[in-house]
> 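What follows is a single structure, and I will ask about it in a moment.
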Amino acid sequence: MNYEEVMKLALERGFYFPSCEVYSDANAGFWEYGPSGVGLKNKFLELWRRELIRRDGMMEIDGSQIMSKSVFEASGHLGNFADPIIKCTKCNSTFRADRTIAEIANIEIPESADLKEFDNAIKENKIQCPKCKGDFGTTKKFNMMFKVGIGPQEEEAYLRPETCQSIFVDFPRLFKTMRGKLPLGIAQVGKSFRNEIAPRQSLLRLREFYQAEIEVFCNPGRLDEVEKFAEIENTVIRVQTDAEPISMTCKDALESGTVPNKFVAYYLGILTEFYEKTGIDVSKSRFRKLGDKEKAFYAEVAFDFEVETTIGWLELVACNYRSDYDLSSHAKMSKEKFEVMDNDEKVLPHVFEISMGIDRSLYTILEHSLKNDEEHERMVLSLKPYLSPVHVGILSLVKKDGLKEKTDEIFLNIKRKFDAFLDHSGAIGRRYRRLDEIGAPFAITVDHQTLEDNTVTIRKRDSMEQNRVDISKIDSILLESVGFP
RNA sequence: GCAGUUAUAGUACAGUCUGGUUAGUACUCGUGCUUGCCAAGUACGUGACCCGGGUUCAAAUCCCGGUAACUGCACCA
């Protein structure tokens with residue numbers, strides 16, 4: 001299904017909707033999750049924990065969203081996360097100063113240069129607005145971080161633009177107190193904040209968004225000593241270095257030099273296995289190797305995990321080899337020691353990052369799962385059962401003759417074990433359709449025969465097929481069918 | 001941020017050009033009846049003119065400003 005259909009479903013069925021929508025001063029780039037969206041998100045994260053965190057023996061932390069100025073001085077975000085920007089005084093269009101100067105006058109000025117250099121270059125080369133030939137105002141820095149004032153003195157601090165900085169600054173304590181050993185993965189789920197110039201397309205470009213980030217700390221001298229590589233060596237990943245993505249096993253990716261070492265190949269492998277289990281069609285995915293100009297300022301090698309959707313390729317995960325960029329800057333700035341012992345060797349670990357955009361992932365899951373079943377005139381959200389916000393609908397065929405009471409009783413018995421939804425009202429078919437749209441894989445229906453022999457029917461969402469089972473079997477059937485793989 | 005388009009119930013749309021009665025339709029949603037396993041029928045019901053200002057006797061409708069969404073450009077650490 002396309003973006004519009006997903007949007008309609010999101011609005012009608014409580015997946016997500018605009019924030020503060022009853023007020024006219026609501027800002028762009030802020031959206032909220034409704035009950036169905038939260039259900040999906042929680043289960044997605046549980047899968048993430050199972051498939052990546054626990055599988056790899058990582059630690060998970062939960063850090064502050066507001067962090068001190070020094071953190072971002074060290075991380076480079078105060079310097080590099082800002083673009084030099086020029087604004088046309090006539091038509092108000094905004095341009096990147098460095099790029100515009102390079103394009104028109106063919107002069108390369110690094111984006112971190114003093115702002116006066118840009119102003120001088122504009123003056124000397126008489127650079128004008130490419131759109132309207134108006135004059136430019138002075139160069140300003142636009143920083144994408146939200147600044148906040150702490151306490152009555154309004155001390156300068158920032159909302160984090162990525163969750164991983166807490167992982168870096170917490171690393172020394174975690175390594176010591178949690179008896180860390182390299183390689184060590186530390187993960188975090190939480191919100192990040194970026195003051196996007198043009199937020200667009202609901203969950204796809206937000207100013208406040210969820211990330212699930214993993215930072216794996218490793219000894220740079222041992223990137224090919226990865227025993228667990230055997231687990232994924234035959235896993236097929238899709239890698240794009242040139243024009244088209246190519247399917248290859250992790251082993252082939254490594255041996256052909258497409259991926260630099262076993263360490264990186266291992267994580268690309270388990271990441272692909274994770275996404276396969278979300279129901280996203282990984283045959284439409286690619287790890288796109290980024291060129292020097294596209295990479296983030298901290299990245300040495302970078303692969304973006306992208307998935308094809310009806311609105312084009314979407315970047316769901318950034319996989320960056322950040323080397324010792326972060327730890328060495330934090331060590332320098334804080335004057336703390338970030339080196340650790342790896343066997344007999346003292347090393348400043350390097351970092352490989354798997355930075356996942358949760359909101360975009362959820363959108364992609366919805367788009368890849370939503371099907372129009374024309375034969376039965378219904379929309380079906382074919383979510384993996386373990387990701388569905390509602391596991392099972394509990395329905396009475398009719399309300400009367402004691403069926404309602406019997407249905408209530410069944411609901412009472414399972415509502416704490418499963419995400420169950422009780423529904424008595426309206427035509428049975430309509431209730432099935434509603435459950436189909438929020439992706440509930442099963443519906444249990446109580447009918448007159450239930451009162452006679454204690455059996456109910458279980459309807460499957462995708463096939464619409466129904467089986468009659470004993471009430472005592474419901475628990476074990478659901479347990480098996482909606483459990484995580 | 002620039003340009004274009006748009007903004008009416010939960011959703012999709014009509015009405016706006018040409019200002020004037022109780023803002024209409026479909027689906028949805030709620031309650032009853034009916035049927036008794038796939039959006040049926042039936043009756044009743046809930047529910048909206050994006051925000052602010054102006055013009056006018058009178059504004060959903062005209063004018064100005066704002067906001068948001070969509071498309072394109074630019075931006076995307």
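Note on naming: letters A, B, ... go to the chains in the order of the sequence lines (proteins, then strands), and numbering restarts at 1 for each one. In this text, all values refer to a predicted model and were calculated from it rather than measured experimentally.
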> Paired with B:C62: which nucleotide, if any, by Watson-Crick or G-U wobble criteria at under 3.5 Å for both distances?
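The answer is B:G54, by the H-bond criterion.
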
> When rounded to the nearest Å, what value does the distance between C1' atoms of B:U6 and B:C49 take?
15 Å

> By nearest atom, which of the nucleotides B:U35, B:C37, B:A40 is closest to the A:A427 side chain?
B:A40

> Please report the distance separating the P of B:U11 from the corresponding atom of B:C51, rounded so that it comes out in whole Å.
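Each nucleotide's P atom is 15 Å from the other's.
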
> So, does the side chain of A:R434 form a donor-acceptor pair with the base of B:C38 at under 3.5 Å?
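Per atom types, no contact qualifies.
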
> How far apart are the C-alpha atoms of A:E315 and A:R288, what are their side-chain angles, what is the distance that settles it, and do they pass the side chain to side chain contact (heavy atoms under 4.5 Å, CB included) test?
CA-CA 9 Å; A:E315 179 195 338; A:R288 194 168 59 88; over 6 Å; no

> CG of A:N372 versus C1' of B:A39: gap in Å, rounded?
13 Å

> Is the shortest distance from a Lys or Arg side-chain nitrogen in A:E73 or A:K69 to a carboxylate oxygen in the other one below 4.0 Å?
yes

> Walk me through whether A:Y158 and A:F146 qualify under ring pair (Phe, Tyr, Trp, His ring centres under 6.0 Å).
CA-CA 6 Å; A:Y158 293 88; A:F146 287 102; over 10 Å; no

> At 4.0 Å (heavy atoms only), tell me whether A:A26 reaches a base, stays on the sugar-phosphate, or touches nothing.
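If one applies the 4.0 Å heavy-atom cut-off, A:A26 turns out to touch the sugar-phosphate alone, with no base involved.
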
> Does A:L412 offer a backbone N or O that forms a donor-acceptor pair with the side chain of A:E409 under 3.5 Å?
no

> Begin with the C-alpha distance, continue with both residues' side-chain angles, and end with the deciding distance and a verdict on side chain to side chain donor-acceptor pair (under 3.5 Å) for A:Y325 and A:S75.
CA-CA 8 Å; A:Y325 178 91; A:S75 73; over 6 Å; no

> Would you indicate what A:T457 reaches in the nucleic acid, counting non-hydrogen atoms under 4.0 angstrom: base, sugar-phosphate, or nothing?
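Base: the residue A:T457, judged by heavy atoms under 4.0 Å, touches a nucleobase.
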
> Return the 5'-most residue of the pair A:L397, A:A28 with respect to RNA chain B, ranking by each residue's nearest nucleotide.
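This one resolves to A:L397.
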
> When the P atoms of B:A3 and B:G66 are compared, how many Å lie between them, rounded to an integer?
11 Å

> Of the nucleotides B:A39, B:C76, B:A74, which one has an atom closest to the side chain of A:R433?
B:A39

> What nucleic acid atoms does A:E437 come within less than 4.0 Å of, heavy atoms only: base, sugar-phosphate, or nothing?
base

> Need to verify one output field. Residue with the more 5' nearest nucleotide on RNA chain B, A:R205 or A:L11?
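Taking each residue's closest nucleotide, the earlier one in sequence belongs to A:L11.
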
> Identify the nucleotide, in any strand shown, that forms a Watson-Crick or G-U wobble pair with B:U22, with both distances under 3.5 Å; if there is none, say none.
none

> For a quick check, tell me whether the side chain of A:Y23 and the base of B:C51 share a donor-acceptor pair closer than 3.5 Å.
no

> Return the pairing partner of B:C38 with a 3.5 Å limit on both distances, Watson-Crick or G-U wobble; otherwise return none.
none

> Should the side chain of A:R200 and the base of B:G72 be counted as holding a donor-acceptor pair, with the cut-off at 3.5 Å?
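Yes, a donor-acceptor pair under 3.5 Å.
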
> Under 3.5 Å, is there an N or O donor on one side and an acceptor on the other linking the side chain of A:R96 and the base of B:C75?
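No, no donor-acceptor pair under 3.5 Å.
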
> Using atom CD1 of A:I86 as one end and atom P of B:C75 as the other, report the distance to the nearest whole Å.
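Between P of B:C75 and CD1 of A:I86: 12 Å.
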
> Which is true for A:N27 with a 4.0 Å heavy-atom rule: it touches a base, it touches only sugar-phosphate, or it touches nothing?
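Here A:N27 touches the backbone only, sparing every base.
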
> Using whole Å, what does the distance between atom P of nucleotide B:U34 and atom NZ of A:K399 come to?
12 Å

> Could you work out the separation of B:C63 and B:C73 based on their C1' atoms and round it to a whole Å?
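Here B:C63 and B:C73 have their C1' atoms 30 Å from each other.
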
> Can you tell me, in whole Å, how much space there is between the P of B:C50 and that of B:U8?
6 Å

> Would you say B:U28 has OP1 or OP2 under 4.0 Å from some side-chain N or O of A:R430?
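Yes, within the criterion.
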
> Considering Watson-Crick and G-U wobble pairs with both distances under 3.5 Å, what does B:A14 pair with?
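Its partner: none found.
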
> Using Watson-Crick or G-U wobble geometry with both distances under 3.5 Å, which nucleotide pairs with B:G1?
B:C73

> What's the CE-C1' distance between A:M379 and B:U11, to the nearest Å?
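Taking CE of A:M379 and C1' of B:U11, I get 13 Å after rounding.
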
> Looking only at atom C1', what distance separates B:A9 and B:C29, rounded to whole Å?
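Here B:A9 and B:C29 have their C1' atoms 11 Å from each other.
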
> Any side-chain N or O of A:S425 less than 4.0 Å from the OP1 or OP2 oxygen of B:U31?
yes

> Please state whether the base of B:C2 and the side chain of A:T94 form at least one donor-acceptor pair under 3.5 Å?
no

> How long is the line joining CD1 of A:I85 and C1' of B:A74, in whole Å?
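One finds 10 Å between C1' of B:A74 and CD1 of A:I85, rounded.
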
> So what's B:U6 paired with, Watson-Crick or G-U wobble, going by both distances under 3.5 Å?
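Result: B:A68.
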
> Suppose you measure atom C1' in B:A74 against the same atom in B:C27; what distance do you get, rounded to whole Å?
40 Å

> If I compare all heavy atoms of A:D423 with all of A:R434, which pair ends up nearest, and what's the gap?
OD2-NH2, 3.3 Å

> Consider the side chain of A:T445, meaning its heavy atoms from C-beta on, and name the nucleotide among B:C70, B:C76, B:C37 that approaches it most closely.
B:C37

> Would you call A:K116-A:E124 a salt bridge at under 4.0 Å N-O?
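A salt bridge is absent here (no side-chain N lies under 4.0 Å from a carboxylate O).
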
> Using atom P of each nucleotide, how far apart are B:C75 and B:G19 to the nearest Å?
46 Å

> Testing the basics here: between A:F193 and A:Q65, what is the closest heavy-atom pair and its distance to 0.1 Å?
CZ-OE1, 3.6 Å

> In whole angstrom, what separates A:Q201's CD from B:A68's P?
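After rounding, the gap between these two atoms is 16 Å.
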
> Return the nucleotide paired to B:G30: Watson-Crick means purine N1 to pyrimidine N3 with N6-O4 or O6-N4, wobble means G-U with N1-O2 and O6-N3, both under 3.5 Å.
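When the pairing criteria are applied, B:C44 turns out to be the nucleotide that pairs with B:G30.
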
> Given B:U11, B:A68, B:C37, identify the nucleotide with an atom nearest to the side chain of A:Y432.
B:C37

> Whole-Å distance between B:G1 C1' and A:F142 CZ?
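So the CZ-C1' distance, A:F142 to B:G1, works out to 9 Å.
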
> Is there a donor on the side chain of A:Q466 or the base of B:C37 sitting less than 3.5 Å from an acceptor on the other?
yes

> Is the ring centre of A:Y275 less than 6.0 Å from the ring centre of A:F305?
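Close enough - the centres of the two rings lie under 6.0 Å apart.
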
> Scan A:F72 against the nucleic acid and name what it touches under 4.0 Å (heavy atoms): base, sugar-phosphate only, or nothing.
nothing

> Expressed in angstrom and rounded to an integer, what is the separation of A:R459 atom CZ from B:A39 atom P?
10 Å

> So if I take every side-chain heavy atom of A:A198 and compare against B:A39, B:G1, B:U11, which nucleotide ends up nearest?
B:G1

